[in-house]
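Written out below as structure tokens is the structure these notes cover.
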Amino acid sequence: MRVVQKYGGSSLATPARILNVAERIARAYREHGPLVVVLSAMGDTTDELLALAREVSPRPHPDALDLLLSTGEVVSIALMEMALRDRGVPAVALMGWQAGIRTTPSFGRALIESVESARLERHLSGGKVVLVAGFQGVTAEEEITTLGRGGSDTTAVALAAALRAERCEIYTDVDGVYTSDPRVVPKARKLAHVTYDEMLELAHLGAVVLHPRAVELAKRYGVPLYVATSLDDREGTWIGGEAQDMEGGRVVTGVAVDESVARVTLRGVRPPEGALKRLFGLLAEAEINVDIIITSVAGPDGLDVAFSLEAGDLERAIELLAARRSSLAYDRLDAEGGLAKVSVVGAGMASRPGVAAGVFRTLADAGIDVKMVSTSEIKISVVVEREQACRAARLLHTAFGLDDEAAEAEGTPSPQGGRREA
Ligand code: ADP
Ligand code: ASP
Ligand code: MG
């Protein structure tokens, strides 16, 4: 039986936690034999390395930045190899390139193109625990890349797929996938099972517990995912397959919050013909991801276009659009940061009318202004002021019957400190 495990930064934040994880890996090794373990950087290391880079260079070169960021994970695998060998467990630590992880050359958000697993297979056959640095790979030109924040989950699933592992276990600081981030919604409930599609939506919409690309890969290769805590042995959450309930099952599975959203509005774009092609072509060329798009009906004053984007891209988008003002021919550009997207997700929504109405009623009754809306078969997202996002999430969580009343009655924080009022 082949298993890939992954331990996140919070599970490795201190030497004591590293030793705790070493004990867990040793136990898994004794129970199941050789396995692959993907590790993240310790605690906030990646943030610290980023801050360090910014102190040296206002706009660090992306390839040099990736080389720097990749070091965090290397520290973890080296320390873990020591700890495991001290425990009599044969272990070998591999950086991404040594583990055969080949990526595209898009520094900072590289995509995994292939995994050459021969070396991994050799070490597994040799009876070893193979520790692999998460979040990193190498290009065809042998430059080190990183996969984007939270990308160690994706490393783990890619390895599980390449090795045809029976499952991929993701160990983190929360004991499973909840109906909402327990840090934001104290009454969030742990889910025993989530489908790939539901998890994909939740992850894309801001539930950082899993990297969206990890869920995508798991779905594509049919790798069952298991999310649990590294701090104790409580049962976690399984992700995979189809919804298990018959038609009476849940309509809404969860509520996700993404707190880094911005909006740009261009007023009076002329001529309206081809305006969208020009505008979004330009943004795509600059690799600026656009999320929700709203356009007005074109009138004599041209077309109004609003779109939301990641807050981190706002400055670049404004610069770009201001520089192209004459070719885009618009009257005014309004930019707004400090927004958030709150999303209600559920596979059962497709066949159940009234969810959107419920969302708007709940928010209107609470005096929360909805700035943008987008829907798909299994989600409804609204953009609101960031200060109101957590309250909106809690209200929607209650309105759709997701609250864990026991949590309310006990009012006790979870052992991981997960239940913190935002
Ligand atoms: P790691 O360092 O292990 O990768 P992350 O910080 O990336 O951990 O992910 C774990 C965090 O995800 C939790 O502490 C929790 O606050 C957050 N989170 C967001 N949405 C959810 C959710 N729906 N269920 C569980 N945790 C969630
Ligand atoms: N260390 C990286 C990050 O902080 C990757 C990860 O933890 O998954 O984003
Ligand atoms: Mg993570």
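Counting starts at 1 for both ligands and their atoms, in listed order.
Open room surrounds CZ on R85; 12 or fewer heavy atoms of other groups in view lie less than 6.0 Å from it. Around the CD atom of E31, the shell of radius 6.0 Å holds more than 12 heavy atoms that belong to other residues, nucleotides or ligands. For E319, the CD atom counts as densely surrounded, since its 6.0 Å shell holds more than 12 non-hydrogen atoms of other residues, nucleotides or ligands. Counted within 6.0 Å of OH on Y221, heavy atoms from surrounding residues, nucleotides or ligands total 12 or fewer; the atom is thus considered open.
Using modelled atom types, one side-chain atom of S70 and one backbone atom of L67 make a donor-acceptor pair closer than 3.5 Å. In terms of modelled atom types and a separation under 3.5 Å, the side chain of D334 and the main chain of V264 share no donor-acceptor contact.
Sequence neighbours left out, the pairs with a member in residues 8-29 that pass salt bridge (Lys or Arg N to Asp or Glu O under 4.0 Å) are E23-R87, R24-D233, R27-D233.
Which parts of ligand 1 touch D173 is read off a 4.0 Å heavy-atom cut-off, strictly below it: atoms 10 (C), 11 (C), 13 (C), 14 (O). Residue S152 has at least one heavy-atom neighbour below 4.0 Å for each of these atoms of ligand 2: 5 (C), 6 (C), 8 (O). Proximity to S10 (heavy-atom distance under 4.0 Å) selects the following atoms of ligand 1: 2 (O), 3 (O). Of all the atoms in ligand 1, the ones that sit under 4.0 Å from a non-hydrogen atom of A207 are 19 (C), 20 (N). Remark: ligand 1 atoms within the under-4.0 Å shell around heavy atoms of V177 are 24 (N).
In this structure, P182 counts as a contact residue of ligand 1, since one of its heavy atoms falls inside 4.0 Å of the ligand. Heavy-atom separations between G176 and ligand 1 include at least one value shorter than 4.0 Å. Contact analysis leaves G8 out of contact with ligand 2, as no non-hydrogen atom separation drops below 4.0 angstrom. The shell of residues lying under 4.0 angstrom from ligand 1, judged by heavy atoms, excludes S40. Taking a 4.0 Å cut-off on heavy atoms, L202 fails to register as neighbouring ligand 1. Contact between G150 and ligand 2 is present, with at least one heavy atom of the residue lying under 4.0 Å from the ligand. At least one heavy atom of S180 sits under 4.0 Å from some atom of ligand 1.
At the shortest separation from atom 27 (C) of ligand 1 among protein heavy atoms lies V209 CB, 3.6 Å. Protein heavy atom nearest atom 3 (C) of ligand 2, with residue, atom name and distance: R149 NE, 3.3 Å. Protein heavy atom in closest approach to atom 8 (O) of ligand 1: T172 OG1, 3.1 Å. Y178 N, 2.9 Å is the protein heavy atom nearest to atom 24 (N) of ligand 1. Closest to atom 2 (O) of ligand 1 among all protein heavy atoms lies G9 N, 3.2 Å.
At a heavy-atom cutoff of 4.0 Å, ligand 2 is contacted by the side chain of E73 but not by its backbone. With a heavy-atom cut-off of 4.0 Å, D181 touches ligand 1 through backbone and side chain alike.
The only option from T103, D66, T46 that meets the side-chain hydrogen bond (donor to acceptor under 3.5 Å, both in side chains) definition with T146 turns out to be D66.
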- [ ] Go through K371 and R263 one step at a time and tell me if the side-chain contact (heavy atoms from CB on, under 4.5 Å) criterion holds.
- [x] CA-CA 9 Å; K371 292 171 173 285; R263 175 168 74 169; 3.7 Å; yes
Open item on the list: Apply side chain to side chain donor-acceptor pair (under 3.5 Å) to residues Y7 and Q5 and explain how you reach the verdict.
Closed with: CA-CA 7 Å; Y7 293 89; Q5 295 189 335; 2.9 Å; yes
TODO: Run the numbers on H397 and T179 for side chain to side chain donor-acceptor pair (under 3.5 Å), then give the verdict.
DONE: CA-CA 8 Å; H397 197 269; T179 47; 2.6 Å; yes
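Protein heavy atoms are absent from the space less than 4.0 angstrom from atom 6 (O) of ligand 1.
For E48, there are no salt bridge (charged side-chain N to carboxylate O under 4.0 Å, His left out) partners, not counting sequence neighbours.
A 4.5 Å side-chain heavy-atom check between C390 and E259 finds at least one atom pair inside the cut-off.
Considering both main-chain and side-chain atoms, S40 comes within under 3.5 Å of ligand 2 through a nitrogen or oxygen pair. Taking distance alone, with nitrogen or oxygen atoms compared against 3.5 Å, G9 stays at or beyond that limit from ligand 2.
Closest approach of V38 and A156 over heavy atoms only: CG2-CA, 3.7 Å.
Between atom 4 (O) of ligand 1 and the options H211, R189, K6, the minimum heavy-atom separation is to K6.
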